[in-house]
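This one's a predicted model, so the numbers in the text were calculated from it and none came from an experiment.
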Amino acid sequence: MAKFTVVQDAPADAGLGLISPKALAMIAKRRWLPMLLAFVVVLFVTGLAYSMANFEYAASGRVALDRRTDQLVEVTADQRPISPDSSSVETEVEVLRSPAIAAAVVDELQLANRPGFGLGDGEWPGSGSRDLAIRVVANGLDVSREGTSYAISVGYTAEDPLLAARIVNSAIDSYTSGQKTSESVERTREIGLLRDRLGMLRADLIRAEGAVARYRAGTNLIDLTDTGGGGTMQTLDTQLAQASADEAAAAARATAASGVAAMESPTINSLRSQQSQLTARRAELTQRYGNDYPTLVGVNEQLKVVNQALSEEIGRVRQGAVAEADVARNRASSLRGSVSRQQGQLMAANNASVQLAELERNAAAAKSLYQGLLDSYKQMVTAQGTERSKAYVIAYATAPNAPSSPNILAYGIAGMVAALIAAAFVALALEGMEGGLLNQSMAEKELGMPVLASIPDVATVKDSPLKRGTPRTIGDQLLAYPSGVFCESFRGLRTALRLGQDDQVARTIAITSALGDEGKTTTAICLARSASAAGLRVILVDCDLRQRSCSDAFVSDPRYGLIEVLKGHARLEQAVITDSLSGADVLPISSGNDINFDLITSRAMRSLLSRLRSSYDVVLLEMAPALPVAETRAVAAMADAAILVVRWRKTPTGVVKKAITQLNRAGVNVIGAVLTRVSLRYNAAGLGDDVYYYKSSAAKAA
């Protein structure tokens, strides 16, 4: 007996198919009904949840910070409004969120007595109602800055659309009016402070100026720059210099009084002229007539009179010059005394002026401070009553027409997404619950044995007249379409078993499965017909004493069968029937006798199998499932080899492994597995590893 080996042509990763789009499409096509049910149920639940939800309406308004700096009255630089920056805007946002604004809204709209705010259903107003309403409003107000602008959005959501709009508008009005009131109160407070401060500064100024006046009076300080009265020190110095000059001039004139008098006095000049004339006359007369000339006597007398008058006049002039020099000297002496006294006073004034200057500086500072504060006070009083809010209303809130929550579009999208997820989950869960083998690679890896063939599901074969069939009708289709993919799969199984070749794997082959309804009867019939059509002498022995599925596929009520042959009540030739379509022989099980389950495991069965092995090229034993039927394992051990039929994606892997274990313990030579009812669509989509086998025929599968 030749050793059996299988060469894997194109292995693929078993897990890749589940995550490919084609795999998902195939799963959706296979599981469309439960997916549809899950989809509808989730959509229904979503609609029910939407209908039961509380409808809420969102109202919103907007305010903006005033960036203008112009004022109705001129204010000082430190009172000018500052253009708002980002921090200022965020600060105003927090002001709008403050409990003070919420409290104003609660009081204005009387929300403390409204259910859902300050009261619950059936409650009476209490001391905590207002606080509770304030918390509800403060938590519900949605205040945010709009991007990087100076606009602030104020929103509120409530079940009553009109109430939502009223709360937003009340919050906006409370904010803007509160700012104006705050400005007015602040200005009134500042005016009061300025008034009090002005009173203090006025008293300080009066005290400072009084101290200056008292000090002046106490120290007899005079204004040295005053030109009246005694004059200034500079004036006295000038006068003293002039008096000294006059004194020197007068002394000089007194010293040279005669010369000066003669030169300056007209009388002296006249007398000198007469003196000169008379002297000249006398000299002329003396020279001409002598000293005794009578005329000369008269001239001498006249000259004497003139000299006498001239001497008297010169004495008088000299006395006047002396008197004038005395006056000048006295005046200079007086001025020197005045200068001396003035210098003494000046020295005393200089000593006292230091303290006076300090007192005057204090008085000037008090006056300046008082005047500046007085100007500010006048401006504040003038500006009183012109206060305005730092923010203005862009838009008040209006009652919304449509609810903001629940959002029907969001519910719809969420419901659709949830329905799709639920449908996908149901499909994947059903796929996962199958726990079967997906392809040859997975089967060989999990079972530790080769997969001899993958038999397609006739329902997935293109142009197949059968969508559901019996083992007999399916076997008929194999013969009706010898070039089809279904027939080709059994030719591949024959090739794997090397039937009809010198190195044929086995002559007696048991065909079984772990559980029922896995396709072992169909596999046995089709393999028998395929081998017979290839010219091999084939006999198919029905060894399933309980179901008799193989026998019923060929003959409805055979007279003799396997049991009768084993008992010796009939010859083998009497019990064997021939398939008219393929020429294969069939040893059925009759239904007329009581079945002895131990008989099939007796020596008679061994003897029969030995006889059949010598008469036929291939002996196929169609067995009952290996796990529930004990005699299956015993009879399979009598065969040369056994094939385990596994339904694709249906039979749990653990069950198949358990069947293999049981068969091995019974001494059965399990040479491989056959996957049945494999979807051609699944493999043609590239989701299995039998594409190399199916692709040419299955790529066009419907």
Check whether any side-chain N or O of [X] sits under 3.5 Å from a backbone N or O of [Y] as a donor-acceptor pair, and report yes or no.
{"X": "Ser532", "Y": "Ala528", "result": "no"}
{"X": "Ser170", "Y": "Arg166", "result": "no"}
{"X": "Arg647", "Y": "Leu675", "result": "no"}
{"X": "Thr632", "Y": "Ala624", "result": "yes"}
{"X": "Thr470", "Y": "Thr473", "result": "yes"}
{"X": "Glu444", "Y": "Val451", "result": "yes"}
{"X": "Ser489", "Y": "Phe486", "result": "yes"}
{"X": "Gln547", "Y": "Ser549", "result": "no"}
{"X": "Asp142", "Y": "Gly155", "result": "no"}
{"X": "Arg677", "Y": "Pro456", "result": "no"}

Is the closest side-chain heavy-atom distance between [X] and [Y] below 4.5 Å?
{"X": "Glu146", "Y": "Ile152", "result": "no"}
{"X": "Val678", "Y": "Ile455", "result": "no"}
{"X": "Phe490", "Y": "Arg529", "result": "no"}
{"X": "Leu562", "Y": "Pro588", "result": "no"}
{"X": "Asp457", "Y": "Ser679", "result": "no"}
{"X": "Val629", "Y": "Arg546", "result": "yes"}
{"X": "Leu111", "Y": "Val105", "result": "yes"}
{"X": "Ile134", "Y": "Val136", "result": "no"}

NZ/NE/NH1/NH2 to OD/OE distance under 4.0 Å, Arg548 and Asp557: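 The answer is no: the pair does not qualify as a salt bridge.
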
What I want to find out is whether Lys650 reaches Asp517 closely enough, with some N-O distance under 4.0 Å, to be called a salt bridge.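 Judged by the 4.0 Å cut-off on N to carboxylate O distance, Lys650 and Asp517 do not form a salt bridge.
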
Tell me the closest heavy-atom pair linking [X] and [Y], and the distance in Å.
{"X": "Leu587", "Y": "Gly561", "value": "CD1-C, 4.2 Å"}
{"X": "Leu499", "Y": "Ala506", "value": "CD2-O, 4.2 Å"}
{"X": "Val668", "Y": "Ala637", "value": "CG2-N, 3.6 Å"}
{"X": "Leu540", "Y": "Phe554", "value": "CD2-CE1, 4.1 Å"}
{"X": "Pro558", "Y": "Ile589", "value": "CG-O, 3.8 Å"}
{"X": "Ser149", "Y": "Val89", "value": "O-CG1, 4.3 Å"}

Let me see the working for Asn664 and Thr661 under side chain to side chain donor-acceptor pair (under 3.5 Å), right down to the final yes or no. CA-CA 5 Å; Asn664 290 333; Thr661 301; 5.7 Å; no

Verdict with reasoning, Val393 to Asn169, per side-chain contact (heavy atoms from CB on, under 4.5 Å): CA-CA 10 Å; Val393 180; Asn169 294 336; over 6 Å; no

Hey, what do you get for CZ (Phe39) to CE (Met416), rounding to the nearest 0.5 Å?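 If we round to the nearest 0.5 Å, Phe39:CZ and Met416:CE are 4.0 Å apart.
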
Spacing of CG belonging to Asn54 relative to CE belonging to Met52, to within rounding of 0.5 Å: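 Going from CG on Asn54 over to CE on Met52, the span is 9.5 Å.
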
Under the side-chain contact (heavy atoms from CB on, under 4.5 Å) criterion, do Leu620 and Leu527 qualify, and how do the steps go? CA-CA 9 Å; Leu620 300 178; Leu527 181 59; 4.0 Å; yes

Can you tell me if Phe44 has over 12 outside heavy atoms packed within less than 6.0 Å of its CZ?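 Atom CZ in Phe44 is not crowded, with 12 or fewer foreign heavy atoms closer than 6.0 Å.
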
Would you please say whether a donor-acceptor pair under 3.5 Å links the side chains of [X] and [Y]?
{"X": "Thr676", "Y": "Glu518", "result": "no"}
{"X": "Asp579", "Y": "Ser582", "result": "yes"}
{"X": "Asp542", "Y": "Ser551", "result": "yes"}

Determine the interplanar angle of the Tyr411 and Tyr50 rings, folded into 0 to 90°, and report it as parallel if under 30°, tilted if 30 to 60°, perpendicular if over 60°.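 Perpendicular.
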
Any chance you could lay out the side-chain contact (heavy atoms from CB on, under 4.5 Å) test for Ser153 and Val143, step after step, and finish with the verdict? CA-CA 6 Å; Ser153 175; Val143 184; over 6 Å; no

List for me each residue that meets side chain to side chain donor-acceptor pair (under 3.5 Å) alongside Ser530, sequence neighbours excluded, and say none if there are none.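 Result, side chain to side chain donor-acceptor pair (under 3.5 Å) vs Ser530: Arg494.
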
When you look at Ile643 and Ile509, which way does the side-chain contact (heavy atoms from CB on, under 4.5 Å) test go after all the steps? CA-CA 7 Å; Ile643 298 174; Ile509 302 173; 3.6 Å; yes

